Every structure is written in structure tokens, then in C-alpha cells.
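Order of appearance sets the numbers: ligands from 1, and atoms from 1 within every ligand. Count residues from 1 along the sequence. Predicted model only: the values in this text are computed from it and were never measured.
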Amino acid sequence: MSATTISPLVPREGWHVMHLFYRVEHSQWSLFSDDEKRVAKTRLTELVQEIRATPDTHLLTFAIATPKADVGFMLLTPDLQVATAFEKQLTLSLGPEILSPVYSYLSQTERSEYTTSAEQYAEETLKAEKGLAEDSEEFAQGLKEFDERMAHYLKHRLYPVLPDWPAICFYPMSKRRTGENNWYALSYEERRKLMGSHARTGRAYSGRILQLITGSTGLDEYEWGVTLLAKDTIDIKNIVYEMRFDEVSARFAEFGDFFIGMQLPLDELFRRVCL
Ligand code: 76R
């Protein structure tokens, strides 16, 4: 089958997201001549350029702190066929068995189930909180501003463009499903209330933490991938700590492995991981 006959796997909305973590096999790399090393690095550099030039596609490159891994990529692109092709090429780009995968995670960008609807905003905020009458000018203005804010917000959740902030933290998580603490047995209203308090904690980090929550039920081990970008690792430490007290996390959160990386341009990344 030629590539052109393969049907794309593009979600009705949102993009596919892959978090890829590799170890550098220095024993293999040391067998390369200087020329072979240069050719290999050029191949990866050109591939990264090709990926970044693909429409609606983003690639973050980072070095991982600690020997959990050496190199990390975060790839966002609509079509899973394309994502997989890029992932295979990234893995092989420096030559066979130079980058060996140590962890990976597949998820999709998604809208939140708990986003405030225009009706809720009208009832809870404009009428109840602000005491505005439904036929007033202010009410109409408030609703218009809300719609604009939400359109912007939804665009970021589904089609994010991530900043080049230096610190990147990734971990997968699920909501607990045991006994009294079964998230999925709670009513929608209870979950919405709990998520409201979660979001309030999160909003206090506005400007310091940029979070992207991507859904992975049916796609990978956990239910979400959590990606946090920051300019200071203390903000990562503090937000994750503070959220542990939040009922949603305290009662319901289960976490996988944590990875901390530093976004770097490729030439610096090569130097950092001694390639
Ligand atoms: O979507 C939004 O940005 C607004 C409200 C919001 C939702 C719906 C929100 C805000 N989050 C939402 C959903 Mn979150 N978030 C996490 C973690 O370590 C831990 O304990 C939890 C990991 C962090 C650090 C974080 C940060 N959030 C979710 C979901 C999906 C749940 C579901 O659908 O059941 C998960 C798994 C999750 C986990 N969250 C925020 C933040 C921050 C910083 C915000 C504020 C964003 C802002 O308004 O600027």
C-alpha cells in the first residue's frame, strides 16, 4: 500500500500528543567516527526542522534531568499516522540503537468536561454573584466577554502552542476508582464542584505555570498526561505540592513516573547529552 492510500487518523477535534523519552547509548555512539557523528546529528536536526514545518505540528525538544532518561520530545500533531511516522524516524535518526526508548506516553488534547457553560456563567456569576438583570446592557456585555474568553481558552486546550519556558515537567495520572473514593461514581455536579476548587488552586499560578492536560483513557496506561511548563522549578514543586491538598488530588489522584526536563535548542541539547 502506498502512503497516499493510507487513511489519516485525525480526531474530530484536537490533536494527538506523544511524550517520548530516550536514553543515549554512548557505547554505540562512541563507535561512530567524527564524520558519522556529524552526519547523524545533521539527520536529526533536519528531521526536527521537517516536523516543525508540518502544518499544525509542534515539537518540543528537551534534556532530562537525572539518569531516568537523557533526551525528551513532546510531539503534537493531528494525524496519528503522521505522529507514529515521526516518532519512528526520531528514534532512528541518530542511527540504530543510539536513542533507546525508556518511556513514552500517548494522549490527545481535549476540551474539559467541567468548563463553565454560558448558561452557568449567566446564572451563577452574572445573575447570582453580580446581581445583573437579564435584559441589562451589562449582562449582554458580560456574556459577550465570556464567549470571547472561552473561545480563546478552548483554542488553547485543543490546539495549544506551548512557550519555550525552560522547565518542563511531565507525569501521567488517573482518578482513583476504589470504595468511597471512586471518582467515576460521583455525580457530575459533585465532580464539577471539586474541579472548580482544583482550578482555583491552579489559577493562582497563572503566568508562572502553563499546564496542558491531555486525555489518554483507552490510549495509554493512565487517564491523563500532565505537562507543566515553568520558568522556575520551584513553581512546579509548589503547584504539585499544593494540589496534593486539594480534595481532587488528595482523595482521587494516582500518579505515574515524573520526568523533569529543560527545553533546549538542538545544538545545545547535543552538547548537554554529550553527543
Ligand atoms: O481547564 C482549565 O484550565 C480550567 C479549569 C481546569 C480543569 C478543567 C484546570 C485548571 N484543570 C482542569 C482539569 Mn488541572 N491540573 C492537573 C494537575 O498533581 C496533581 O495533583 C494534578 C496535576 C495540575 C498540576 C494541574 C494544574 N487538571 C484537570 C484534569 C482533568 C480532570 C477531569 O477531567 O476529570 C486533570 C487530570 C488535571 C490535573 N489545572 C488548572 C492546573 C492549573 C495550573 C490550572 C489553572 C489554569 C488556568 O486557569 O490558568
Any donor-acceptor N or O pair under 3.5 Å, side chains Ser104, His19: no

Check: Tyr222 main-chain N/O paired with Asp220 side-chain donor or acceptor under 3.5 Å: no

query: At a non-hydrogen distance cut-off of under 4.0 Å, which region of Met173 contacts ligand 1 (side chain, backbone, both, or neither)?
result: side chain

- request: May I ask you to identify the nearest protein heavy atom to atom 10 (C) of ligand 1, giving residue, atom name and distance to one decimal place in Å?
  value: Gln211 NE2, 3.5 Å

- prompt: Under 4.0 Å from any heavy atom of Ile239, which atoms of ligand 1 are there?
  reply: 43 (C)

message: Under a 3.5 Å threshold, yes or no: a donor from one side chain and an acceptor from the other, between Tyr184 and Glu223?
response: yes

field: Proximity flag Arg244 to ligand 1, non-hydrogen atoms under 4.0 Å
entry: no

query: Which bit of Ser249 is near ligand 1, meaning a heavy atom under 4.0 Å away: side chain, backbone, both or neither?
result: side chain

query: Thinking salt bridges, do Arg244 and Glu242 make one under a 4.0 Å N-O criterion?
result: no

task: Return the option from Ala204, Gly202, Cys169, Ser112 holding the heavy atom at the smallest distance from atom 45 (C) of ligand 1.
output: Gly202

query: Is the NZ or CZ atom of Lys68 both under 6.0 Å from the centre of the six-membered ring of Phe259 and within 45° of that ring's axis?
result: yes

field: Part of Tyr205 with heavy atoms under 4.0 Å of ligand 1, whether side chain, backbone, both or neither
entry: neither

task: Any atoms of ligand 1 less than 4.0 Å from a non-hydrogen atom of Tyr114? List them with their elements.
output: 32 (C), 33 (O), 34 (O)

message: Parallel, tilted or perpendicular: which one describes the rings of Phe73 and Tyr22, with boundaries at 30° and 60°?
response: perpendicular

query: Are any of the N/O atoms in His198 less than 3.5 Å from those in ligand 1?
result: yes

- prompt: Got the closest protein heavy atom to atom 26 (C) of ligand 1, with its distance?
  reply: Met243 CE, 3.6 Å

message: With a 4.0 Å cut-off on N to O distance, would you call Glu268 and Arg272 a salt bridge?
response: yes

- line: ligand 1 to Ile213, heavy atom cutoff 4.0 Å, flagged ligand atoms 15 (N), 16 (C), 27 (N), 28 (C), 29 (C), 30 (C), 35 (C), 37 (C), 38 (C)

query: For ligand 1, is there an N or O atom under 3.5 Å from any N or O atom of Arg157?
result: yes

message: Need the ligand 1 atom indices (1-based, order shown) with element for anything under 4.0 Å from a heavy-atom of Trp183.
response: 34 (O)

- prompt: Looking only at protein heavy atoms, which one is nearest to atom 4 (C) of ligand 1, and how far off is it?
  reply: Tyr153 OH, 3.6 Å

query: atom 49 (O) of ligand 1: which protein heavy atom is closest, and how many Å away?
result: Arg203 CG, 4.2 Å

task: Return the orientation label for the Trp29 and Phe32 ring planes: parallel under 30°, perpendicular over 60°, tilted otherwise.
output: tilted

- request: Mark yes or no: Arg208 above the aromatic ring of Tyr205, with NZ or CZ under 6.0 Å from the six-membered ring centre and no more than 45 degrees from the axis.
  value: yes

field: Sub-4.0 Å atoms of ligand 1 with respect to non-hydrogen atoms of Lys175
entry: 31 (C), 32 (C), 34 (O)

message: Evaluate Tyr171 for polar contact with ligand 1, using N/O atom pairs at a separation under 3.5 Å.
response: yes

query: Against heavy atoms of Phe255, which atoms of ligand 1 measure under 4.0 Å?
result: 18 (O), 19 (C), 20 (O)

- prompt: For Arg251 and Asn181, does a side-chain donor sit closer than 3.5 Å to a side-chain acceptor?
  reply: yes

message: If I compare all heavy atoms of Tyr159 with all of Gly14, which pair ends up nearest, and what's the gap?
response: OH-N, 3.1 Å

